[in-house]
Undergrad: 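This is the structure, below, for whatever I ask next.
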Amino acid sequence: MTIKKIKYHRVYEDVIEQIENIILEGNLAPGDVLPTERELAQAFGISRGTLREAFRILEREGLIETRPGGGRFLSKNLTKAEDTKRILENIERATIIELLEAREIFETGIVELAAVRATEQDIAEIESALERWGTIDSDSDDPVNPDQAFHLSIAKATHNVVLVNLIDLHMDLLQKTLTKTVDIPGRKSEVYKEHDAILQAIKEKDPAKAKAALLHHLQQVKQNVSANKAESNG
């Protein structure tokens, strides 16, 4: 009997993709009003909350404009392939920034708990993942690259399966985060040092130090993702 892991699916990303396709196919022109929330939610078969999350990202990227009491309108069309690619990359980057904000909340608790519960075997697995960092390849098809393996091994050190699954569910975005930053000159070695600081704090069984090291790492990642965006749009 073969059991396959269930792939976590973010519904709002499908909604974004479908709305983009409507725009690209020319079914909407700048200034056109979109169907109501109720109509779209029923058409997509999703909750209005999920629909609003999709619109929030599209509004941030300037594709959709919300007018109080007047509904939502298409702000601009996507006529050039390069414009389309840039908008899609910006939407992906916005999603990554949101992931990093969420990680600051839930992953700090994970490293604190790992610092308390990690066994010698757990620490050995974290060290092994860290040492693989030198082999990292941003174009690799490896479903669990060294960056992902490092954070997943820390989650496993909590001995809490829910927390492990929480990290596992976001593996695809962790990979996308890596591709946005790993090629920045000097960033690869910086990440190694940031990861090592987290590991040393766990070894010392110091939750506060582990939390501080993780927050520093995530702030650096966020800054590099934002800098990468500015460079791409420059």
Side-chain angles (χ1 to χ4, degrees), residues 1-15 46-47 49-50 53 92 95-138 140-182 191-192 194-222 225:
M1 179 174 67
T2 302
I3 299 176
K4 295 182 179 179
K5 180 178 288 188
I6 297 172
K7 180 70 173 177
Y8 178 69
H9 202 59
R10 277 176 287 275
V11 178
Y12 76 86
E13 291 182 345
D14 281 347
V15 177
I46 59 171
S47 72
T50 298
E53 188 170 3
E92 180 180 277
T95 306
I96 289 171
I97 292 295
E98 290 182 353
L99 171 68
L100 290 169
E101 290 175 350
R103 287 177 65 188
E104 287 180 0
I105 296 171
F106 69 76
E107 211 167 331
T108 48
I110 288 175
V111 294
E112 286 179 308
L113 195 56
V116 173
R117 294 184 176 176
T119 65
E120 291 300 320
Q121 182 178 345
D122 293 329
I123 290 173
E125 288 185 13
I126 298 171
E127 286 182 322
S128 176
L130 178 62
E131 292 311 311
R132 284 182 57 209
W133 183 250
T135 67
I136 200 162
D137 180 0
S138 60
S140 173
D141 292 327
D142 182 0
V144 182
N145 67 40
D147 183 60
Q148 295 167 324
F150 178 78
H151 290 284
L152 189 59
S153 63
I154 291 175
K156 289 178 178 177
T158 67
H159 298 273
N160 182 314
V161 69
V162 176
L163 295 177
V164 174
N165 287 337
L166 194 59
I167 295 294
D168 201 26
L169 291 177
H170 296 90
M171 279 295 187
D172 57 337
L173 274 177
L174 285 173
Q175 169 68 14
K176 289 177 181 177
T177 303
L178 175 70
T179 62
K180 299 293 181 189
T181 60
V182 73
V191 173
Y192 182 92
E194 291 162 18
H195 281 183
D196 185 57
I198 297 169
L199 169 61
Q200 296 308 316
I202 292 174
K203 276 185 169 182
E204 294 168 18
K205 295 193 175 296
D206 189 332
K209 189 174 179 180
K211 177 180 179 179
L214 176 76
L215 284 174
H216 173 70
H217 169 57
L218 294 179
Q219 286 297 325
Q220 293 302 111
V221 174
K222 190 184 293 185
V225 170

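None of these values were measured; they are calculated from a predicted model. As a basis for the values below, the full set of heavy atoms in this structure was taken, side chains included, without hydrogen atoms, waters or symmetry mates.
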Undergrad: Pair L199, I123 - check side-chain contact (heavy atoms from CB on, under 4.5 Å), show working.
TA: CA-CA 8 Å; L199 169 61; I123 290 173; 4.3 Å; yes
Undergrad: What pairs with D196 under side chain to side chain donor-acceptor pair (under 3.5 Å), at least two apart in sequence or on another chain?
TA: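 D196 satisfies side chain to side chain donor-acceptor pair (under 3.5 Å) with Q200 only.
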Undergrad: Please tabulate, for the side chains in residues 210-220, all donor-acceptor contacts under 3.5 angstrom to protein atoms that are two or more places apart in sequence or on a different chain.
TA:
unit_1: H217; atom_1: ND1; unit_2: E194; atom_2: OE1; d: 2.7
unit_1: H217; atom_1: NE2; unit_2: H195; atom_2: NE2; d: 3.4
unit_1: Q219; atom_1: NE2; unit_2: E104; atom_2: OE2; d: 2.7

Undergrad: Pairs in or reaching into residues 113-129: which pass salt bridge (charged side-chain N to carboxylate O under 4.0 Å, His left out), with residues at least two apart or in two chains?
TA: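 Every pair satisfying salt bridge (charged side-chain N to carboxylate O under 4.0 Å, His left out) with a residue in residues 113-129: E127-K203.
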Undergrad: Evaluate the side-chain contact (heavy atoms from CB on, under 4.5 Å) criterion for residues I126 and K156: first the C-alpha distance (whole Å), next the side-chain angles of each, then the deciding distance (0.1 Å), finally the verdict.
TA: CA-CA 9 Å; I126 298 171; K156 289 178 178 177; over 6 Å; no
Undergrad: Which pair of heavy atoms, one from A155 and one from I167, lies closest together, and at what distance?
TA: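 Smallest interatomic distance, heavy atoms only, reads CB-CG1, 3.7 Å.
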Undergrad: I'd like to know if the side chain of S153 and the backbone of A149 have a donor-acceptor N/O pair within less than 3.5 Å.
TA: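 Looks like yes, one N/O pair under 3.5 Å.
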Undergrad: Is there a side-chain contact between R103 and L100 (heavy atoms, below 4.5 Å)?
TA: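 In contact.
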Undergrad: Could you grab the distance from atom CG of L152 to atom CD1 of I110, nearest 0.5 Å is fine?
TA: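 The distance works out to 9.5 Å.
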Undergrad: Using salt bridge (charged side-chain N to carboxylate O under 4.0 Å, His left out) as the criterion, list what pairs up with K209, not counting sequence neighbours.
TA: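 With neighbours one apart ignored, the set is E204.
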Undergrad: Quick one: CG on L166 to OG1 on T158, what's the gap to the nearest 0.5 Å?
TA: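 So the CG of L166 and the OG1 of T158 are separated by 10.0 Å.
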Undergrad: Who are the side chain to side chain donor-acceptor pair (under 3.5 Å) partners of K205, not counting sequence neighbours?
TA: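 Once residues adjacent in sequence are excluded, K205 has no partner under the side chain to side chain donor-acceptor pair (under 3.5 Å) criterion.
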Undergrad: What are the two closest heavy atoms between I202 and A114, and how far apart are they?
TA: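 I202 and A114 have their closest heavy atoms at CG2-O, 3.9 Å.
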Undergrad: Looking at side-chain heavy atoms only, is the closest gap between I198 and F150 below 4.5 Å?
TA: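 Heavy-atom side-chain distance check passes, below 4.5 Å.
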